[in-house]
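This report concerns only the one structure given below.
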Amino acid sequence: MYVLKNSENGSSNNALKPMDSEQLREYGHRMVDFIADYYKTIETFPVLSQVQPGYLHNLLPESAPDHPETVEQVLDDVKAKILPGVTHWQSPSFFAYFPINGSIAGFLGEMLSAGLNTMSFSWVASPAATELEIVVVDWVAKLLNLPEQFLSKGNGGGVIQGSACEAILVVMIAARDKVLRSVGKKALEKLVVYSSDQTHSSLQKACQLAGIHLENCRVLKTDSSTNYALRPESLQEAVSKDLEAGLIPFFLCGTVGTTSSTAVDPLAALGKIAKSNEMWFHIDAAYAGSACICPEYRQYIDGVETADSFDMNAHKWLLTNFECSLLWVKDQSALTEALSTNPEYLKNKASQANLVVDYKDWQIPLGRRFRALKLWMVLRLYGAENLKSYIRNHIKLAKIFEQLVSKDPNFEVVTPRIFSLVCFRIAAVDNDEKKCNNLNRSLLDAVNSSGKLLFSHTILSEKFVLRFAIGAPLTEEKHVKEAWKVIQEEASFLLSK
Ligand SMILES: *Cc1c(COP(=O)(O)O)cnc(C)c1O
């Protein structure tokens, strides 16, 4: 039961109704104001949250309120208690990991999707959701100049997954079931997966979930001689050895833009080996895929025609709010044969007659949000040319940062920059690698805990390497230069100790 507080005129009350158009209008406007103010003042917050583990527990009541509170009370708490525990991924001084993008268009699309609040598991459950998704995912395929086989008109097509991790899992399950249909279910323990030691950890998780035996996961070593790209010879050697041992090579994951250092695997050569061994070839371009809408970066996915599936995250670097991971496959039946269910309560004429796509059979969950709306809005409200300029600007800023680093004798660029990530470090003094690693670790900690900017690290050939990834929508040249100044000053201080 609602306990209603009367307002001054006594005719209405302050308690929120579950859904009332006029209240939605009023509070929706207030929430937009709150968010707009957040963005306006985002640079006043420390980028990295400064709270200690468990900070929130003592600030909040032990149990949920019995009676309604006001939106103002909640927003006051957001300011006082939640924002201090937020790390500001949208800050222009956020250079850690890879970015997650958002934009006004993406935000409006998210709002609309929350507003319609549909559940579009099957075509019939909300035809526009499925059909718009088919259209916009085809649009992006064309921006990337993907081969025709990935478009929806034939056996292929694309789908919006929640994350690149889900994408890898669903294609691995599709590939697994496809090979087991021909060799028999008992062969599961013989299936072998190949990737490099730079492949994202989601591949390992997919293997765990798909029942692939851990000792059959070949993590092939890379090094600086190929800038951490997978060598086709390593793959060929591993595959031959496994064949000799009576195992069944079935899945290869190549990466365009590895998470550590944006290494690009040689797709065409890898694809050839995959093909001659009847393996499924998946390409993970979660971050760098977005750059390939620019013709001058398209070369990095040359060879994609040899792949069975390709994935990129529009939520990382294409102005589309999280989450929006685009997965294309050449053979959609591989997905649906592995993932379809057909319970009585979802049966309908369009599905029975095979006239439509039911995206529930292309993904893990049944339910799905109307995510195509935000991508559609991003593509329409910015247009391809602006999206390309957006990418090019970040790459230009990364070049500027790279030049600043290489001009400073205390520092070195560790791997050649390809996209908008710069891998660098304080160079070793007297060849003392251990001391060098410790110095770089201290630098990272000191700079990040200042709250002025946030960047991150990786390990390459046992070296502790600093990662500076540009891609937040608000980042400008001045933020990059200011960040470099902070890093440089802290480094001088550490080196003088
Ligand atoms: C970020 C990233 C992922 C994981 O993406 P999610 O959408 O967060 O699952 C996978 N692979 C690469 C190369 C990435 O950079």
Side-chain angles (χ1 to χ4, degrees), residues 24-51 56 71-115 287 290 313-324 369 371 373-383 386-387 389-394 396-398 401 420 447-448 450-456 468-483 486:
L24 173 66
R25 198 184 309 283
E26 182 189 340
Y27 288 102
H29 284 153
R30 271 201 242 176
M31 186 58 86
V32 169
D33 282 341
F34 183 87
I35 298 166
D37 287 340
Y38 168 67
Y39 275 94
K40 203 167 178 172
T41 56
I42 195 164
E43 293 187 49
T44 64
F45 299 98
V47 185
L48 176 69
S49 166
Q50 309 283 308
V51 300
L56 192 55
V71 173
E72 285 73 17
Q73 284 172 311
V74 177
L75 287 181
D76 284 347
D77 272 355
V78 171
K79 272 191 196 152
K81 300 169 184 170
I82 301 298
L83 286 184
V86 167
T87 288
H88 301 278
W89 283 68
Q90 300 310 317
S91 162
S93 300
F94 185 95
F95 304 105
Y97 316 110
F98 282 135
I100 45 163
N101 271 187
S103 63
I104 298 171
F107 178 77
L108 294 178
E110 276 284 295
M111 232 168 136
L112 188 53
S113 161
Y287 151 78
S290 297
N313 284 347
H315 63 242
K316 263 190 177 147
W317 200 11
L318 210 60
L319 287 175
T320 309
N321 292 49
F322 188 71
E323 70 285 82
C324 189
R369 302 171 60 232
R371 290 186 286 226
L373 277 175
K374 64 187 168 191
L375 183 57
W376 188 50
M377 294 195 65
V378 166
L379 295 168
R380 293 187 64 188
L381 295 179
Y382 300 119
N386 275 324
L387 293 172
S389 315
Y390 173 74
I391 297 276
R392 287 176 180 135
N393 182 50
H394 284 151
K396 188 191 87 186
L397 296 181
F401 186 82
S420 68
V447 170
N448 284 348
S450 78
K452 291 177 187 161
L453 67 136
L454 190 69
F455 66 139
S456 60
F468 193 88
I470 295 173
L474 289 170
T475 301
E476 296 170 27
E477 189 170 330
K478 65 177 183 195
H479 301 107
V480 172
K481 289 191 161 155
E482 183 54 35
V486 174

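For the single chain, residues carry numbers from 1 onward in sequence order.
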### side chain to side chain contact (heavy atoms under 4.5 Å, CB included) assessment of F45 paired with V86
CA-CA 9 Å; F45 299 98; V86 167; over 6 Å; no

Smallest heavy-atom separation, P84 atom then V51 atom, equals O-CG1, 3.3 Å

Shortest non-hydrogen pair, F455 vs N448, comes out as O-ND2, 2.8 Å

Under 4.5 Å between any side-chain heavy atoms of L319 and P473, yes or no? yes

| Atom CD1 of I104: over 12 foreign heavy atoms under 6.0 Å | no

In V47, L453, L454, the residue satisfying side-chain contact (heavy atoms from CB on, under 4.5 Å) with F95 is L453

I'd like to check E323 versus I100 (side-chain heavy atoms, cut-off strictly below 4.5 Å). Are they in contact? no

Side-chain donor/acceptor of H394 to backbone N/O of I391, under 3.5 Å: no

Shortest non-hydrogen pair, S420 vs I470, comes out as OG-O, 2.7 Å

CZ of F401 to CZ of F468, rounded to nearest 0.5 Å, is 4.5 Å

Rounded to the nearest 0.5 Å, the CG atom of L75 sits from the CD1 atom of I82 at a distance of 11.0 Å

Taken in chain and number order and not counting sequence neighbours, the residues that satisfy salt bridge (Lys or Arg N to Asp or Glu O under 4.0 Å) with K81 are D77

Between the main-chain N or O of S49 and the side-chain N or O of T87, is there a donor-acceptor pair closer than 3.5 Å? yes

What do the steps show when you test H479 against E43 for side chain to side chain contact (heavy atoms under 4.5 Å, CB included), and what is the final call?
CA-CA 10 Å; H479 301 107; E43 293 187 49; 3.3 Å; yes

Contacts of R380 meeting salt bridge (Lys or Arg N to Asp or Glu O under 4.0 Å) (sequence neighbours excluded), chain-then-number -> none

Heavy-atom check, side chain of V32 versus side chain of M111, under 4.5 Å
yes

Correct closest heavy-atom pair for G451 and Q50 would be CA-NE2, 3.9 Å

task = Could you check if a side-chain atom of L397 sits within less than 4.5 angstrom of a side-chain atom of N393, using non-hydrogen atoms only?
result = yes

Looking only at heavy atoms, the pair that brings A472 and P99 closest together is N-CB, 4.0 Å

Is N321 close to V378 at the side-chain level, that is, under 4.5 Å between some pair of heavy atoms?
no

Taken in chain and number order and not counting sequence neighbours, the residues that satisfy salt bridge (Lys or Arg N to Asp or Glu O under 4.0 Å) with K396 are none

Residues passing the salt bridge (Lys or Arg N to Asp or Glu O under 4.0 Å) test with E26, sequence neighbours excluded, are R30

When rounded to the nearest 0.5 Å, the distance separating CH2 of W376 from CG of L381 is 9.5 Å

Here the salt bridge (Lys or Arg N to Asp or Glu O under 4.0 Å) pairs for residues 95-110, sequence neighbours left out, are E110-R369, E110-K374

The reported gap from CG in N313 to OG1 in T320 (rounded to nearest 0.5 angstrom) is 10.0 Å

In terms of heavy-atom contacts, I42 and P92 come closest through CG2-CD, 4.0 Å

Applied to residues 88-103, the side chain to side chain donor-acceptor pair (under 3.5 Å) test, sequence neighbours excluded, yields Y38-H88, N101-Y390

Rounded to the nearest 0.5 Å, the CD1 atom of I35 sits from the NZ atom of K40 at a distance of 15.0 Å

